[in-house]
Protein chains: 2
Amino acid sequence: MGVSLKDIAERAGVSLATVSNVVNGYRPVGEVTRQRVQRAIDELGYTPNLSARHLRRGRTGLIALAVPELTNPYFAELADVAIREAAGLGYTLLMENTAAERGAELALLEGAQRHLIDGLILSPVAIGREEVLARRARMPLVLIGEGVYDVPYDRVAIDNVAASRTATAHLVALGRRRIAFVGAPPGGDRQSAHLRIRGYREALDAAGIPFDPGLVVPTEQFGRADGEHAMHHLLSLDHPPDAVLAYNDLTAIGALRTLARSGAGVPDDVAVAGIDDIEEGRFSNPTLTTVAPDKRAIGRSAVRRLVSRIEGEGGPPMHVQPSFHLIERESTGPAR
Amino acid sequence: MGVSLKDIAERAGVSLATVSNVVNGYRPVGEVTRQRVQRAIDELGYTPNLSARHLRRGRTGLIALAVPELTNPYFAELADVAIREAAGLGYTLLMENTAAERGAELALLEGAQRHLIDGLILSPVAIGREEVLARRARMPLVLIGEGVYDVPYDRVAIDNVAASRTATAHLVALGRRRIAFVGAPPGGDRQSAHLRIRGYREALDAAGIPFDPGLVVPTEQFGRADGEHAMHHLLSLDHPPDAVLAYNDLTAIGALRTLARSGAGVPDDVAVAGIDDIEEGRFSNPTLTTVAPDKRAIGRSAVRRLVSRIEGEGGPPMHVQPSFHLIERESTGPAR
DNA sequence: CTGAAAGCGCTAACAT
DNA sequence: ATGTTAGCGCTTTCAG
């Protein structure tokens with residue numbers, strides 16, 4: 001194997017403990033000794049064996065970020081922020097893919113990786129409040145998104161109702177009256193879709209526009225293909241919508257695709273808006289109006305909360321609510 | 001702490017070794033004993049402490065996939081495949097972001113994470129052949145992409161010259177004569193861009209089309225914004241191109257954006273093709289013609305090669321060359 | 001300020 | 001088929 005503390009201790013003519021203290025700085029070390037040790041470390045190219053350290057400390061320095069889809073740009077962008085933040089705090093972040101499967105989310109929740117990671121950031125979509133409440137594992141947990149709410153864990157999520165209301169109000173202000181919502185939850189699960197629909201309805205109510213259930217289209221998943229199919233369905237209606245709010249940017253982009261293919265003008269015939277502000281929407285044709293959550297804040301807060309808990313911070317669970325803002329682009333803009 | 005082997009051993013009235021063998025199956029265990037041990041494991045909810053196992057075995061079971069950009073869909077899709085493959089082989093895959101920085105690539109190459117990971121899959125873009133040859137670390141290494149070639153390590157990469165040649169030949173076959181290349185390397189580094197330019201030139205030569213250096217546009221990076229700017233430049237030329245091959249799909253999508261904004265017709269006025277086959281290009285407007293590398297094969301081969309080396313496979317370095325194929329979509333299709 | 005030594009939980013070599 | 005035990009490399013008491 002490689003160079004160990006013992007090698008350094010021998011070379012520098014000191015004890016193991018002293019070398020350890022030079023490395024970790026837990027106790028003061030005399031200047032002369034420190035230099036001798038440091039030289040030995042440099043000469044031999046010592047780096048601590050993390051497995052041994054972890055075994056001894058009972059912690060691994062790893063945390064996991066579990067998301068329903070790795071290839072979803074929203075989560076990729078979030079992961080990017082979270083990885084940097086974790087590194088800055090001395091932790092390594094591991095990505096987990098739950099594939100939006102109940103079993104996977106549950107397993108993680110109950111400590112599937114308990115010996116590998118010190119804590120978990122989970123974006124739950126397939127499990128509900130009861131399952132989180134029934135959790136028995138003690139590993140620190142931070143939830144992101146509004147998939148599960150009102151549980152005794154730290155949580156980081158924007159106000160989805162408000163975000164959705166804002167986007168819908170924008171469509172209303174544009175003079176749209178038949179506003180569809182694409183991306184309702186298939187079964188009845190998927191809490192965050194419910195919240196976004198609630199915001200949508202609130203904005204409709206506020207504008208005195210009657211709610212038409214026929215304009216709310218359920219989708220299996222929340223990808224581009226789902227938006228594409230849902231839009232297809234909407235265009236086949238007797239009275240197609242004049243605007244669409246999609247569950248997220250990805251489904252919105254799918255909708256744009258169908259509209260382009262059908263020859264419908266966007267925004268002239270149909271205005272389209274999404275939620276997430278993924279970079280793809282800044283380059284789509286037309287560019288996509290969206291609600292931008294503060295992804296930086298989400299990623300950083302989630303990691304910070306988790307690390308605080310790992311390092312022993314007590315206190316009641318916190319709910320961090322990062323901000324969001326509407327970004328108007330071509331898909332709801334004036335006619336070109 | 002949690003439940004340990006010792007607890008199980010006591011509960012089941014057997015030795016540590018026997019429990020270990022039930023868990024790992026290294027030695028046969030009597031059926032009756034096995035059942036007693038298994039019951040104890042289930043009742044106490046035992047899971048092995050990985051740090052201890054790693055310390056003892058001298059391996060961590062972690063491997064890293066280091067890419068220049070986490071938010072690039074190509075790498076996200078690759079990571080998705082690789083994570084699954086690694087899990088299937090009993091390893092956990094860690095994502096590392098080099099941000100295309102020389103220092104980061106070099107550090108990883110030289111064993112920055114040596115005690116955390118058993119092996120590294122690296123997609124080098126900022127370092128060159130010499131730096132890889134000068135490597136002193138002994139940790140197993142697999143390179144992906146053609147950023148560095150002809151080095152004594154396993155490598156997984158498609159034939160970039162051929163891929164690019166194929167795409168260019170397709171544009172030629174469409175009757176295009178002024179074909180631009182967007183995404184040349186800025187400095188002179190970035191080997192894979194060179195290879196793609198070589199393929200582009202070969203196809204031009206084969207068709208008897210003179211090479212026009214003014215149609216090769218360097219870009220800082222290889223993202224959407226870079227394609228957008230490069231296309232802007234091309235449209236400002238006295239004789240703008242009638243086709244564009246982009247370094248990758250992302251830059252191609254940036255080019256599409258500029259073309260849409262300028263009112264140019266795609267493919268009528270300008271045909272556009274990319275390389276990578278990211279899902280985004282299947283939904284862009286117009287949809288993007290691209291060269292699709294076998295990402296599944298790339299991700300799986302890279303992980304398998306690495307794991308083989310970690311587990312002691314010797315032999316000369318292998319070069320795996322997954323296949324690719326052209327996918328014709330609207331951006332080079334007939335006029336709508 | 002420094003040293004000695006216990007022990008984290010596991011695997012594997014050696015015994016029975 | 002099962003048991004005993006050394007030791008992986010580190011941190012952290014307890015002594016000095």
Side-chain angles (χ1 to χ4, degrees), chain A residues 1-38 40-41 44-62 90 111 113-118 310-312, chain B residues 1-38 40-41 44-62 90 111 113-118 310-312:
Chain A
M1 281 298 296
V3 183
S4 77
L5 267 194
K6 201 170 141 211
D7 301 320
I8 303 299
E10 280 168 8
R11 174 104 170 194
V14 297
S15 76
L16 285 182
T18 300
V19 181
S20 176
N21 284 318
V22 169
V23 174
N24 297 295
Y26 293 141
R27 300 195 301 196
V29 176
E31 193 44 36
V32 202
T33 321
R34 134 161 291 115
Q35 302 227 347
R36 263 223 315 287
V37 172
Q38 190 56 54
I41 289 177
L44 266 48
Y46 167 77
T47 55
N49 179 315
L50 298 180
S51 295
R53 175 178 284 177
H54 297 158
L55 172 58
R56 183 57 230 236
R57 286 192 183 159
R59 289 211 226 122
T60 64
L62 293 176
Q113 305 271 34
R114 83 180 86 173
H115 285 300
L116 186 61
I117 58 176
D118 295 335
I310 290 170
E311 299 186 346
Chain B
M1 281 298 295
V3 183
S4 78
L5 266 194
K6 202 171 142 209
D7 300 321
I8 304 298
E10 280 170 9
R11 173 107 171 191
V14 297
S15 77
L16 284 183
T18 300
V19 181
S20 176
N21 283 319
V22 170
V23 175
N24 296 296
Y26 293 140
R27 304 195 296 197
V29 176
E31 192 46 36
V32 202
T33 321
R34 133 161 290 115
Q35 303 228 346
R36 263 223 315 288
V37 171
Q38 191 57 56
I41 288 177
L44 266 47
Y46 167 77
T47 55
N49 180 317
L50 298 179
S51 294
R53 176 178 285 176
H54 297 158
L55 173 58
R56 181 61 229 237
R57 287 190 182 161
R59 288 211 227 123
T60 64
L62 292 177
Q113 306 271 33
R114 84 180 84 174
H115 284 299
L116 186 60
I117 59 177
D118 295 334
I310 290 170
E311 299 185 347

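In what follows, every chain begins at residue 1, and chains take the letters A, B, ... in the order their sequences are listed.
Here the side chain of Arg36(A) pairs a donor or acceptor atom with the backbone of Ala12(A) at under 3.5 angstrom. Checked by atom type and distance alone, the side chain of Asp7(B) never pairs as donor or acceptor with a backbone atom of Val3(B) at under 3.5 Å. In this structure, Asp118(B) contributes its side chain and Thr60(B) its backbone to a donor-acceptor pair below 3.5 Å.
Listed nucleotides dC8(C), dG3(C), dT11(C) differ in distance to Ser15(A); the shortest reach to its side chain belongs to dG3(C). Considering only the side chain of Asn49(A), dG9(D) comes nearest among dT2(C), dT11(C), dG9(D). Side-chain proximity of Thr18(A) to the nucleotides dT4(D), dT11(D), dT2(C) is greatest for dT2(C). When the nucleotides dC10(C), dT11(D), dG9(D) are ranked by their closest atom to the side chain of Arg53(A), dT11(D) comes out on top.
Rounded to whole Å, atom P of dT11(D) lies 13 Å from atom CD1 of Ile8(A). Separating the CG atom of Leu44(A) from the C1' atom of dG9(D) is a distance of 15 Å, rounded to the nearest angstrom. Taking atom CG of residue Leu16(B) and atom P of nucleotide dA6(D), one finds them 13 Å apart after rounding to whole Å. Look at CZ on Arg57(A): it is 16 Å from P on dG9(C), rounded to the nearest Å. Between Leu50(A) atom CG and dG9(D) atom P there is a gap of 13 Å when expressed in whole angstrom units. Atom P of nucleotide dC8(C) and atom CG of Leu55(B) are separated by 13 Å, given to the nearest angstrom. Between the NE2 atom of His54(A) and the C1' atom of dC8(D) there is a distance of 15 Å, rounded to whole Å. Rounded to an integer number of Å, the gap from Arg36(A) CZ to dC1(C) C1' is 13 Å.
In the region residues 21-32 of chain B, proximity to DNA chain C at under 4.0 angstrom, judged on heavy atoms, holds for Asn24(B), Tyr26(B), Arg27(B).
Nucleic acid contact class of Thr33(A) (heavy atoms, under 4.0 Å, all strands): sugar-phosphate only.
Using a 4.5 Å heavy-atom threshold, the side chains of Glu31(A) and Arg34(A) count as touching. Inter-residue side-chain proximity for Arg56(B) and Arg53(B) is flagged as unmet; no heavy-atom pair is nearer than 4.5 Å. Counting heavy atoms from C-beta on, the side chains of Ile8(A) and Leu44(A) come closer than 4.5 Å. Within the 4.5 Å cutoff, the side chain of Val22(A) has no heavy atoms near those of the Thr33(A) side chain.
Every residue meeting the side chain to side chain donor-acceptor pair (under 3.5 Å) condition with Ser20(B), not counting sequence neighbours, appears here in chain and number order: Asn24(B).
Separating the NE2 atom in His115(B) from the CG atom in Leu55(B) is a distance of 11.0 Å, to the nearest 0.5 Å.
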Problem - Secondary structure of DNA chain D in dot-bracket form (Watson-Crick or G-U wobble, distances below 3.5 Å, | marking inter-strand pairs) - result: ||||||||||||||||
